[in-house]
Amino acid sequence: QPPSLINLPAGCVFRPRCPYKDEVPDNACLEVRPRMVETVPGHEVRCHLPSERRREIAQERLGVLTGGGPGE
């Protein structure tokens with residue numbers, strides 16, 4: 001469920017459905033709203049993790065799902 005636009009939660013509004021929230025140091029997602037960051041021209045995200053780290057996590061998880069090891 002998307003958050004209520006009338007009563008936004010503290011921290012990152014995407015936290016309840018974010019697959020990366022447990023990877024963010026010091027639970028920053030709970031208290032600090034991330035700033036908008038351009039990842040490629042014309043595409044912005046709000047995330048405490050750098051896009052490179054999000055890609056690494058996605059690759060690790062894909063490897064586990066497909067039976068390969070990390071980085072495969």
Side-chain angles (χ1 to χ4, degrees):
Q1 289 285 346
S4 166
L5 295 178
I6 296 170
N7 188 22
L8 289 174
C12 182
V13 298
F14 299 107
R15 182 183 72 249
R17 59 185 184 210
C18 178
Y20 305 110
K21 68 180 174 244
D22 296 330
E23 303 290 332
V24 175
D26 302 322
N27 291 319
C29 295
L30 292 172
E31 302 293 328
V32 181
R33 182 152 302 143
R35 61 183 177 85
M36 289 291 268
V37 177
E38 187 172 55
T39 56
V40 295
H43 183 80
E44 295 179 328
V45 298
R46 281 189 188 273
C47 189
H48 292 293
L49 291 177
S51 58
E52 296 82 25
R53 181 64 186 131
R54 288 192 312 275
R55 275 192 222 98
E56 289 171 3
I57 294 167
Q59 287 295 324
E60 291 167 5
R61 291 178 182 176
L62 180 61
V64 169
L65 291 174
T66 59
E72 293 184 26

Problem - Qualifying residue for side chain to side chain contact (heavy atoms under 4.5 Å, CB included) with Val45, from Arg35, Arg54, Met36 - result: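 Among the candidates, only Arg54 passes.
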Checking the side chain of [X] only, and the main-chain atoms of [Y] only, is there a donor and an acceptor separated by less than 3.5 Å?
{"X": "Glu56", "Y": "Glu60", "result": "no"}
{"X": "Arg61", "Y": "Pro19", "result": "yes"}
{"X": "Arg33", "Y": "Cys12", "result": "no"}

Practice task
Over all heavy atoms of both residues, which pair between Arg53 and Leu49 is shortest? Give the atoms and the distance, please.
Solution key: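 What the structure gives for the nearest pair is CG-CD2, 4.1 Å.
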Handout entry: Side-chain touch His48/Cys29, heavy atoms, less than 4.5 angstrom
Key =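 They are in side-chain contact.
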Handout entry: pair Arg15-Val24: side-chain heavy atoms closer than 4.5 Å
Key =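 No. Closest side-chain heavy atoms not under 4.5 Å.
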Problem - Distance, nearest 0.5 Å, that separates CG of Asp22 from CG of Asn27 - result: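 If I round to the nearest 0.5 Å, the distance is 8.0 Å.
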Handout entry: More than 12 heavy atoms of other groups within 6.0 Å of Glu31 CD
Key =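 Counting neighbours around CD of Glu31, 12 or fewer heavy atoms of other residues, nucleotides or ligands fall under 6.0 Å, so no.
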Exercise for the section: Count the heavy atoms belonging to other residues, nucleotides or ligands that lie under 6.0 Å from CG of Leu5, then report whether that count exceeds 12. Expected result: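 It does not: Leu5 CG has 12 such atoms or fewer within range.
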